[in-house]
Each structure stands twice: as C-alpha cells, then as structure tokens.
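First the structure, in the form of structure tokens, and then the observations on it.
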2 protein chains.
Amino acid sequence: MSQPGLFRLDFFKAIPMGEELNERSRRILEAIVEDYICTAEPIGSRAVSRRHQIGLSPATVRNVMADLEEMGYIVSPHTSAGRVPTDKGYRFYVDTLLQVGQLDAQQKSRIEQYYRLDGLRVEERLREAGKVLSAISSYAGVVMIPRFTSTVFRHIEFLKLSHGKILVIFVSRSGLVQNKVIETETPISQHELEQVSNYLNQTLTGLSIQEIKAKTVRDMTEEKTTYDQLLRRALELSREVLSEEIGGEVFIEGASNILEQSEFKDMDRMKRLFRAFEQKSLLVELLDKSQRAKGVQIFIGSESEYSEIEGCSLITANYSSSRGTIGTLGVIGPSRMNYSQVIPVVDYTARLVSQVLEIEFE
Amino acid sequence: MSQPGLFRLDFFKAIPMGEELNERSRRILEAIVEDYICTAEPIGSRAVSRRHQIGLSPATVRNVMADLEEMGYIVSPHTSAGRVPTDKGYRFYVDTLLQVGQLDAQQKSRIEQYYRLDGLRVEERLREAGKVLSAISSYAGVVMIPRFTSTVFRHIEFLKLSHGKILVIFVSRSGLVQNKVIETETPISQHELEQVSNYLNQTLTGLSIQEIKAKTVRDMTEEKTTYDQLLRRALELSREVLSEEIGGEVFIEGASNILEQSEFKDMDRMKRLFRAFEQKSLLVELLDKSQRAKGVQIFIGSESEYSEIEGCSLITANYSSSRGTIGTLGVIGPSRMNYSQVIPVVDYTARLVSQVLEIEFE
DNA sequence: GCTTAGCACTCCTGATGGCCGAGTGCTAAC
DNA sequence: GTTAGCACTCGGCCATCAGGAGTGCTAAGC
C-alpha cells in the first residue's frame with residue numbers, strides 16, 4: 001500500500017497535501033507525539049479520539065493517520081499496532097506545534113539549589129551544570145568547556161620542560177585554566193620565558209583571543225625586522241600557542257539516566273550510543289555547530305547523518321560572557337523526549353551558567 | 001541439602017576440609033574457574049573430567065565439586081546446571097592457583113604503540129593510558145590523577161578573582177597542572193600575590209608536598225611573631241592551599257566494553273554499575289586503598305562491602321616517580337575476568353606511565 | 001576405601017500452538 | 001465529509017511438551 005508514484009483514490013480529498021497540514025491533522029499529530037512521549041507505546045486511533053476532545057470518531061482519525069503516515073510524519077511498527085512519530089514528525093512537532101512555557105519560580109529555584117558554586121573551579125562548575133541538567137531532565141547532561149579562542153585573556157605562564165618542550169598555562173578572565181605543551185626549535189631559558197610571560201601579561205590583559213590573534217599577525221609583519229629579542233620571542237611563542245585549538249572538551253553527566261529509557265532495552269542500540277559518548281568527537285561536532293547558532297537548538301535523531309545517535313535528540317543552548325558566546329551545554333535523550341519541559345530547563349541553565357561565570361570577572 | 005549444622009555422611013572422608021584444599025580439588029577448582037572465564041557458562045562435571053587430563057570420571061569430579069560447593073568456592077545457579085565460581089573461589093584462584101606470565105615483546109610493543117605521547121599534557125597522557133588499558137584488556141580502564149600531596153613542587157601562581165577569592169594554579173614537577181579556588185579573610189592585592197608567588201617559587205622548588213607541609217608547620221610556629229608581612233602572607237596562603245586535597249580525579253575509559261560482557265545482559269546490574277562509575281567516589285576509595293599498597297592489587301566482586309560493583313573485579317597498579325608512588329591505574333571488568341592476561345598488562349602499563357611521566361622532569 | 005557406572009530426578013531452554021486484544025483498512029450507510 | 005461495522009492481522013501471553021544437561025545417590029568394582 002501507498003506505493004510512491006501511484007495515485008490513491010483519496011488523493012484528491014480535502015486532506016492535507018504536500019507540506020501543508022491542516023488544523024485537524026496538526027492536532028492529531030500533536031496528540032500522537034505527546035501521548036507517545038508519555039507512554040512510549042504506539043498510539044492507536046481510539047486513544048487519539050478519546051483523549052483531548054477532538055470531536056472525531058476513531059475511524060476518522062484513522063483516515064487522517066493514514067495520510068500522516070503516507071507523508072512520513074508517523075509510522076506503525078507493525079500492522080496491528082498504533083502509530084509512532086518519525087523524526088520528521090518530531091521535527092514538525094518541535095518547530096510548529098510545540099509551545100514552550102517559562103519555568104515557574106519553583107522550578108527555577110530547584111535548578112538553582114542544585115547549583116552549588118562555593119569555591120569551585122570553573123571546570124567543576126561546568127561539570128556541575130551538566131549534573132544539574134541531567135538530574136532535572138532525567139536524561140544525560142552535556143557541557144562543552146569553552147574553547148580557548150572564545151575566551152578573554154587574563155594570564156599566561158611558560159614553564160620549561162625537558163627536551164625543548166614548554167608547558168604553557170593559560171588563564172581566561174573567567175578563571176578557566178587550560179594548559180598545553182608546545183615545542184620550540186630554538187632553545188630558550190626559563191629566565192627568558194619569564195620575561196616573555198611578563199611582557200605578554202602586561203600587553204594582552206583584557207583582550208579576547210581573537211583580538212590577540214589579529215594583533216599577533218599585525219605585530220609580526222610590522223616588526224619583522226625588530227632586533228628586540230624579547231619581542232620576537234614573545235611573538236613566536238604566542239603564535240605557537242595560538243596555532244591550535246585548546247579546549248572544546250565535553251563532559252557527559254548522567255548518561256546512566258538514559259539506561260532507564262525503554263527504547264534502550266535494545267542492547268545493541270545502547271552500546272552504539274555509549275560508544276558515541278566515549279568517542280565524543282561526534283558530540284563535539286554537534287555542539288560546535290550549535291555554538292555557531294543562536295538560542296536553543298534542537299537536533300533530532302539521525303537528522304544530519306549521525307547514525308550513532310539514532311533515536312536520540314539533543315537540545316542545546318549557549319552560555320556566554322559579556323563578550324559573547326563562550327560555550328555550549330545541553331541535554332541528550334531519546335527522541336521521545338519531553339521537549340516542552342526540557343527546553344526551558346536547558347535555556348535557563350545556560351543563562352545561569354553565564355551569570356555564574358560572570359561573577360568571577362575581576 | 002548441605003544444611004549448616006548437620007553432619008553429612010561423607011564428612012569424614014579424606015576430602016579437603018577447612019581451609020586446606022588438596023591437589024585434586026585445586027586442579028578441579030582451577031579448571032572450573034578457567035573454563036568459566038572462557039565460556040561464561042556453568043561448568044559441569046563432565047566438562048571438567050574431559051578437559052585437561054584430570055584422570056577422573058565425572059562422578060568423582062562431582063563428589064569433589066560437591067565439597068567445593070559446601071566450602072563456598074563454587075555454586076550452582078540451579079539444580080541441573082553446572083557450577084560457577086564464587087568470589088571466594090576467584091580469590092583462591094587468584095591468590096594460589098593463578099600463574100601470571102610476563103608479557104612477550106609483541107604484546108609490549110602493542111601497548112607501546114597505543115601510547116602516543118608527543119606534545120600531550122600530563123592529564124591527556126593519563127587518559128590515554130586508560131584508553132590503552134581498556135583497548136588491550138577489552139574491559140574498562142581506570143586512571144586516578146595524582147593527588148596534589150603525592151607530587152613534587154614545581155611552580156605556584158596566585159591570581160585574584162572577585163569577592164576575596166583567589167585562583168591558585170599549581171604545577172608539579174612532572175608537568176601536571178592543577179588549580180583551586182581559595183578564600184582569604186584579609187584582602188590582598190594582586191601585587192602582593194605576585195610577591196608571594198615569587199617567594200614560594202624560590203623557596204619550595206624541588207620539595208615534595210609532604211615536605212612543604214612539614215616546613216610550613218615548622219615555619220609557622222617558629223615565625224609566629226614575625227613582622228615580615230610577606231612571609232606571613234605566604235605561610236597563610238600555603239596553609240590554605242594545603243588544607244584540602246586536590247586531585248584524585250578518576251578517568252574511566254572504555255566503559256562501554258563492559259556492555260559486551262554477557263553477565264550484564266541483566267539491565268539492572270548494569271545500571272547500578274554505571275551509576276557507580278558516574279559517582280566515582282567508590283572508585284576513588286578503592287584506588288586510594290590500592291595506592292597505599294604495593295604492586296598489583298586485585299579487588300574481587302563484593303569483597304569489602306561495595307555492593308555496587310558486585311560481579312566485578314578491579315585490578316590495579318601504582319605508577320610512580322623517582323620519589324615514590326604518585327597515582328594508580330587499572331582495569332575493571334567482570335569477576336569472570338581473564339586475570340592471567342590482564343594482570344601483566346596493568347603492571348606493564350603502570351611502569352610505562354611512570355617512565356613517560358619521568359621524561360618531563362627537567 | 002576410593003572410584004566409577006548407572007539411574008532417577010530436576011530444571012532450564014526452545015519450539016509449538018492457541019487465545020486474546022488492540023488496532024487496522026475498507027466499505028457502506030448516514 | 002463522517003462514522004459504524006466488519007473482517008483481518010499480528011504481537012503478547014500462556015500452557016504444553018520434548019530434549020538435554022547436569023546432579024545426587026547407590027551399588028558395584030578395583
């Protein structure tokens with residue numbers, strides 16, 4: 001049935017066609033998605049007609065459902081089961097039907113309660129944010145540490161290691177400490193390194209890394225012929241430090257929450273998901289993508305070619321300083337996720353994290 | 001059957017009693033453990049008698065097995081199944097029967113291959129070690145970052161944050177960077193902090209944290225009445241920094257390997273295990289315990305009251321610098337673990353890590 | 001006196017089949 | 001355009017059954 005290319009008799013009925021869904025189909029799709037989110041079981045026409053005063057008989061609902069299925073918004077797992085939303089169905093629901101409320105004060109304070117911040121390092125705070133997200137949403141919380149390049153310079157330190165390697169410690173204005181090992185061709189003494197540190201700390205404080213990059217390039221061309229050994233060294237080293245990304249590490253907290261979800265009774269699927277969690281590169285990619293966008297982002301299932309997280313959705317929001325976005329956090333759970341509840345939680349947590357990090361600024 | 005307190009007819013047979021196991025029982029226990037490690041299925045008397053030329057009929061083996069069961073080394077899941085080792089059985093096997101070989105050159109180089117170390121931070125190296133352990137053993141690898149207190153001082157840096165808080169960055173001689181936020185009652189300027197940093201960096205370099213602790217206490221009592229503002233400040237701050245443990249973070253790598261193990265088809269058990277992984281405090285405790293001991297340690301199942309890791313074993317070894325143990329790493333897997341293979345891998349990896357960290361010393 | 005063959009027994013496993021209920025698509029009537 | 005009715009499908013559940021693996025016990029053998 002419903003072979004592509006063949007006309008069906010009811011093709012010309014006043015039933016939603018193409019991309020348009022009429023009011024009735026929308027409401028039915030909405031009912032299916034929402035019921036399925038609650039129950040995790042295929043939804044039948046009878047259930048839809050009974051619930052939520054759509055004044056329609058099961059038979060009518062069945063007709064609409066058949067159309068929704070043909071259009072790819074829902075599928076039935078087997079002949080005599082109800083229907084289940086597809087990724088396309090979720091996407092339509094999220095983009096068009098979903099109404100996200102604000103968190104009420106109680107929920108906010110519940111989030112804030114979780115968020116203990118006394119005397120914690122930035123990293124720990126971010127990790128804590130992940131735990132909050134996972135605890136409140138009961139899915140998994142993900143947090144990406146700020147990338148070096150999106151932070152503001154506060155302090156740099158060079159320490160000489162053996163074999164011509166140098167340990168660079170970099171502190172951002174929000175108190176995030178990152179480090180990196182670089183190698184130099186020309187040997188340099190610890191004393192010189194200290195001079196370079198001092199010089200950079202004096203000249204760069206308060207600049208964003210982007211600005212520093214620009215400045216470095218400018219200085220390098222300008223002072224190519226400089227005889228100031230110190231300056232040359234400083235430029236060389238900063239170029240080396242800036243040459244490669246630092247950070248972008250991802251924390252996943254509460255992954256075990258996902259085990260509770262009934263869709264992961266299927267061991268195989270779960271294994272794949274956990275492997276993806278371990279590898280992290282996939283998540284980094286998604287979170288990077290999200291960081292380039294604004295506001296709450298929703299990635300649904302295997303949209304966008306990531307088969308590993310098939311059946312999962314990711315809701316993200318960016319956290320930021322006064323200078324703009326610095327990182328991303330979110331929640332990952334089954335596509336059958338309680339979007340209307342989780343979205344405001346992610347949104348609010350991102351705001352909270354932004355605030356908390358701001359406090360550290362001197 | 002075998003009710004405690006009742007004599008059995010064969011109680012006085014020349015069969016192992018009390019803690020002693022005779023040669024025959026040992027060989028049978030060994031066969032059961034080893035077969036079970038391979039197959040993950042209860043081992044019957046027939047299988048034992050056939051395998052590994054014990055010149056005994058199944059019936060005889062059955063008698064011995066009944067005794068082993070009574071003594072608590074094995075159990076049978078149900079009447080008509082074979083026997084499975086208990087924790088006590090594994091313990092006896094590991095302590096008495098197991099013969100651990102050396103790794104051959106090929107295996108060593110396989111481990112070394114995994115271990116790419118160019119230009120990595122210490123933390124990343126340790127994480128990498130966890131990945132190696134998990135990949136080679138196909139269980140989960142665990143690595144505990146050195147605790148502050150077991151390292152050697154290289155460099156300290158104080159940076160002022162808002163609200164009287166101070167960010168302390170601490171670098172150990174092996175290049176490990178850790179940081180911490182402390183609070184002081186009396187306000188202090190960034191300039192003073194720099195003086196303190198300089199002072200401490202000059203006086204403390206090359207001392208172990210233990211030595212510094214001792215020195216600080218000594219200095220404090222000696223110079224209680226000092227009018228040297230700088231020295232007082234330095235002492236105050238170091239006390240604050242030393243007042244609490246830093247580090248002891250645990251990485252778990254390749255946890256998804258454990259999903260492959262047939263004993264974790266039981267979802268519930270798996271969930272508990274993953275929750276324990278997430279909480280980490282349990283692992284920290286175990287690894288701390290191991291760090292206090294010498295050589296390869298083996299924790300089996302729910303020995304020592306940790307019910308969360310029931311059915312799992314943990315094999316650990318310490319890695320060290322020339323000044324002694326600095327951290328611990330290991331492998332966690334099902335009790336039904338290939339001990340003879342994993343033990344030398346853990347041992348060798350610990351040595352390798354020790355070497356690699358040593359390289360950084362200046 | 002230890003060892004072993006034999007035997008009855010237990011219990012898990014997997015296959016089979018029947019029943020029930022939920023849900024469907026289609027048709028015809030409203 | 002909507003709905004009632006109906007035949008049909010199919011998964012889930014349960015009971016049944018046969019097969020097999022393994023056991024404990026007993027009695028015979030070395």
Side-chain angles (χ1 to χ4, degrees), chain A residues 1-3 6 8-17 22-25 27-28 31-32 35-36 39-51 53-70 74-84 262 265-266, chain B residues 1-3 6-17 22-25 27-28 31-32 35-36 39-51 53-70 74-85 262 265-266:
Chain A
M1 57 196 75
S2 91
Q3 295 163 42
L6 292 182
R8 293 178 61 219
L9 269 184
D10 56 7
F11 190 73
F12 296 101
K13 279 190 195 168
I15 285 283
M17 292 162 50
N22 63 18
E23 182 57 20
R24 191 209 282 173
S25 326
R27 291 201 53 192
I28 287 175
I32 293 172
D35 279 19
Y36 186 67
T39 64
E41 271 173 21
I43 309 300
S45 55
R46 184 187 211 83
V48 172
S49 118
R50 224 179 319 138
R51 240 188 58 102
Q53 56 272 16
I54 303 170
L56 293 173
S57 76
T60 312
V61 173
R62 271 206 290 284
N63 286 329
V64 178
M65 283 166 83
D67 292 313
L68 286 172
E69 179 158 22
E70 203 179 347
I74 53 181
V75 278
S76 78
H78 58 85
T79 326
S80 71
R83 303 305 213 293
V84 164
S262 50
K265 276 178 191 158
D266 173 11
Chain B
M1 57 199 72
S2 91
Q3 295 164 41
L6 293 182
F7 284 137
R8 292 178 61 218
L9 271 183
D10 57 6
F11 189 73
F12 296 100
K13 278 190 193 169
I15 284 284
M17 292 162 49
N22 63 21
E23 182 58 22
R24 192 210 284 172
S25 326
R27 291 202 51 192
I28 288 175
I32 293 173
D35 278 19
Y36 186 67
T39 65
E41 275 178 14
I43 309 300
S45 55
R46 185 188 210 83
V48 173
S49 117
R50 222 178 319 136
R51 240 189 55 102
Q53 58 273 15
I54 302 170
L56 294 172
S57 76
T60 312
V61 172
R62 272 205 290 284
N63 286 329
V64 178
M65 284 166 84
D67 293 312
L68 286 172
E69 178 158 25
E70 203 177 346
I74 54 181
V75 280
S76 77
H78 59 84
T79 327
S80 72
R83 303 306 212 294
V84 164
S262 50
K265 276 177 192 160
D266 174 11

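In what follows, every chain begins at residue 1, and chains take the letters A, B, ... in the order their sequences are listed.
Of the two residues contacting DNA chain C, namely H78(A) and A59(B), the nearest-nucleotide position lying further toward the 5' end is that of A59(B).
For the pair E41(B) CD and dC11(C) P, the computed distance is 20 Å after rounding to whole Å. Separating the CG atom of D67(B) from the P atom of dT3(C) is a distance of 12 Å, rounded to the nearest angstrom. Whole-Å rounding puts the L56(B) CG to dT3(C) P distance at 7 Å. Residue N63(A) contributes atom CG, which lies 11 Å from atom P of dG1(D) at whole-angstrom precision.
Heavy-atom minimum distance, I32(B) versus V48(B): CG1-CG2, 3.9 Å.
Residues passing the side-chain hydrogen bond (donor to acceptor under 3.5 Å, both in side chains) test with S57(B) are T60(B), sequence neighbours excluded.
For the pair R24(A) and L56(A), the minimum side-chain heavy-atom distance is below 4.5 Å. Contact annotation: the side chain of L68(B) never approaches that of R83(B) to less than 4.5 Å [non-hydrogen atoms, C-beta and beyond]. Inter-residue side-chain proximity for V84(A) and E41(A) is flagged as unmet; no heavy-atom pair is nearer than 4.5 Å.
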Mind listing the side-chain donor-acceptor pairs of residues 74-82 of chain A below 3.5 Å, one per line with the distance, residues two or more places apart or on another chain?
| residue | atom | partner | partner atom | Å |
| --- | --- | --- | --- | --- |
| S76(A) | OG | H78(A) | O | 3.4 |
| H78(A) | ND1 | S80(A) | N | 3.4 |

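Under 4.0 angstrom from either OP1 or OP2 of dT3(D) there lies at least one side-chain N or O belonging to S57(A).
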Protein-to-nucleotide contact annotation, 5' to 3' order, nucleotides 16-23 of chain C [B base; S sugar-phosphate only; - none; under 4.0 Å, heavy atom]: ------BS
